[in-house]
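Since we're looking at a predicted model, the values are computed, not measured. Every chain is numbered from 1, with letters handed out A, B, ... down the list of sequences.
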Amino acid sequence: MLLAAAALTKTYRLGRVDVPALRGVDLTVQRGEFIAITGPSGSGKSTLMHILGCLDTPTSGSYRIDGEDVGTLRGKDLARVRNRKVGFVFQTFNLMPRLTVEENVALPLKYRGGMARPERRKRALALLERLGLSDRVGHRPDELSGGQRQRVAIARALVGEPAILMADEPTGNLDSKAGANVLDTFDELHRMGHTIILVTHDPNVAARAERIVHISDGVVV
Amino acid sequence: MTLLESLLTGLDEARRHWGQTLLSLLGLILGTASIVTVLALFGGQATLTQDYLNEVGGVGTLVLENRDRSVRPRAAELASERLTYRDARILRDRARTLDAVIPGWTRELTYRAGSVGFDGEVVGTVPDYARINDIRTLGGRYLTDLDVERATRVAVLGWKFADSLFGAAPKALGAVVSLGGKAYTVVGVLEREEFRFAPWADNSLEYRNERAYIPITTAVAQHSADDALEFLTVRADPAAGVTRAESEIRSLLFATHGVEDFDIRPSGGGEGEDSGQFLLLFNFIFLVVGVVSMFTGGVVIANILLASVVERVREFGTRMALGATATGIFAQVIAEVLVVTVIGGVSGLALGTGLTGIVGYVMQIPAVVTPGVATIAIGTSLAVGVVAGIYPAIRAARLSPVEALRYG
Ligand SMILES: Nc1ncnc2c1ncn2[C@@H]1O[C@H](COP(=O)(O)OP(=O)(O)OP(=O)(O)O)[C@@H](O)[C@H]1O
Ligand SMILES: [Mg+2]
């Protein structure tokens, strides 16, 4: 089992009011699975995804990636897990506007440390080639289309060879054609053996996954 | 990522968004330049003040003057003889904190030599007056102890009066001048004295060129009914200090006056009073401008740095999502701040030095950027930058990736 979350809760505190965003989520993911998390707006999809991606910590519950208990990790250790185990793709791409495509993709390797620049470059270029972006390596993000930007972001998420690729509404900011293109990329990555979790509220997008996890009001239904 | 790499990332970032960096730089450069200029001008002004004070006796020189009588004086006040030559002798003989005691007697008397005549100031005093006030003779000598002891009828003329009375200052030596109807032998003529706070300002020492000095004893005997003085100048022994000197003077004179009917003030405020006041005001304005510009400079720099960080907090969130640690983010921001503040500080110093030269030249005041001024300016810009940079850096580094990604 690659990923195992049990009884995850997350409660946001707004002033004196507690907002329960997750109310006991259990989820297991096998290596090589392609999972879609769906649910209505405000149901807790992003909250769950942030915890799974180690961008946030749960209020309670346990969470293991690759056998390592990451639910209790903090600070530097969490940064290491984010860097090595998880590749995160955002709805808004979140590329560094002043770095080139190649530099953006190589960034996780830079944060990992211990890898010389030529090697980082080589890996970034290899991934960009795989995603059909070889002719864009020296460009800045604002010179690319939305679909191209998201594929650069996917390349960046994959460059560190993470255990799992996570994407929160990766097609949310794309038109249907670019969106379809990005989804094809996910399909292909899945075929190549990557483990993928994707958040979407679009049933058509969810339909492309092997398994659909439906969330409503902070619990899996 | 190592610390060095984080720092390099920061430097790289500073270079890549150079538009923003330039803006921060501009704030820093202008702030630092204004601090440098103001401090240098202020320093020049302070040097000038020091020079003037040295001319009129130096620090530690005090002037005693009669206080205005009360509207309804008490008996003790009426009984007091006020400041007298006797007070001067008492202070000279008994005070242990004083290095010099100079009685000052002044009168408007008629000067006459041959066909030339006019009214002017005559000062009765002692030889120490020349020592304290740095008075130099053009020819002849100043008053001597013997003159005071014997109450001789000798006069030392200021440069301008000597010039007016005898056509040329050196010609006065050995001649006879009538002061208030009494004949005096001119035994000395003084150098022309000049001190200007600015080229357009009046000569603050002109009063010294327009007077004659005679022995205090002669003045009292020839031109007075009593031995009342107009002022009494003393210099505190540096070992004793001004404060102790003041209290000793007060207690010694209280014993003879029975009432405190005199004021003690530092020298340099009364004589050439206008210049003194002007100077005080000038210094005050400069001080206010300096403090205000340091403050605004600091606020501007802090604001620009803060704004540039807030704008990029989401970016930090992304970097953390990719594996950046809080320390790494912190180091990156600090590196950016350091680049900006060091370059800004040094350029500001250069610009400020240029400005100081121009302003100093235009206003004709001696202004120099001393190493001290440079240190303060660079130090301020660094301090402001680090304080303004560390706060946003800590703020950015303490956010969780999600918080940073949601920011703004
Ligand atoms: N930082 C926060 N502070 C307070 N409440 C929050 C915060 N983030 C999320 N919430 C609340 O938690 C609940 C779940 O939010 P979440 O963003 O996970 O929903 P979602 O399923 O991703 O919705 P959407 O489809 O609109 O993106 C919502 O009620 C939301 O208002
Ligand atoms: Mg969401």
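Applying the 6.0 Å contact sphere to CD of A/Glu129 captures no more than 12 heavy atoms from other residues, nucleotides or ligands. In the displayed structure, A/Glu143 atom CD is contacted under 6.0 Å by more than 12 heavy atoms of other residues, nucleotides or ligands. A 6.0 Å sphere centred on CZ of A/Arg117 holds no more than 12 heavy atoms belonging to other residues, nucleotides or ligands. Heavy atoms of other residues, nucleotides or ligands lying less than 6.0 angstrom from NE2 of A/His139 number more than 12.
The two residues A/Ala79 and B/Ala324 make their nearest non-hydrogen contact at CB-O, 3.9 Å.
Residue B/Ala326: no heavy atom, backbone or side chain, is found under 4.5 Å from chain A. For a residue to count as touching a neighbouring chain, one of its non-hydrogen atoms must lie under 4.5 Å from one of that chain's; by this rule A/Arg84 does not touch chain B.
A/Tyr111 contributes atom OH, which lies 9.5 Å from atom CE of B/Met320 (distance to the nearest 0.5 angstrom). Between B/Thr318 atom OG1 and A/Leu55 atom CG the span is 9.5 Å, to the nearest 0.5 Å. The OG1 atom of B/Thr327 sits 7.0 Å away from atom NZ of A/Lys76, with the distance rounded to the nearest 0.5 Å. To the nearest 0.5 Å, atom OG1 of residue B/Thr325 and atom CG of residue A/Asp77 are 11.0 Å apart.
Side-chain contact between A/Asn94 and B/Leu405 is present, with at least one heavy-atom pair separated by less than 4.5 Å. Side-chain atoms of A/Pro97 and B/Glu315, non-hydrogen and from C-beta on, do get closer than 4.5 Å to each other.
Listed options A/Met96, A/Arg80, A/Arg82 were ranked by heavy-atom pairs under 4.5 angstrom with chain B; first place goes to A/Arg82.
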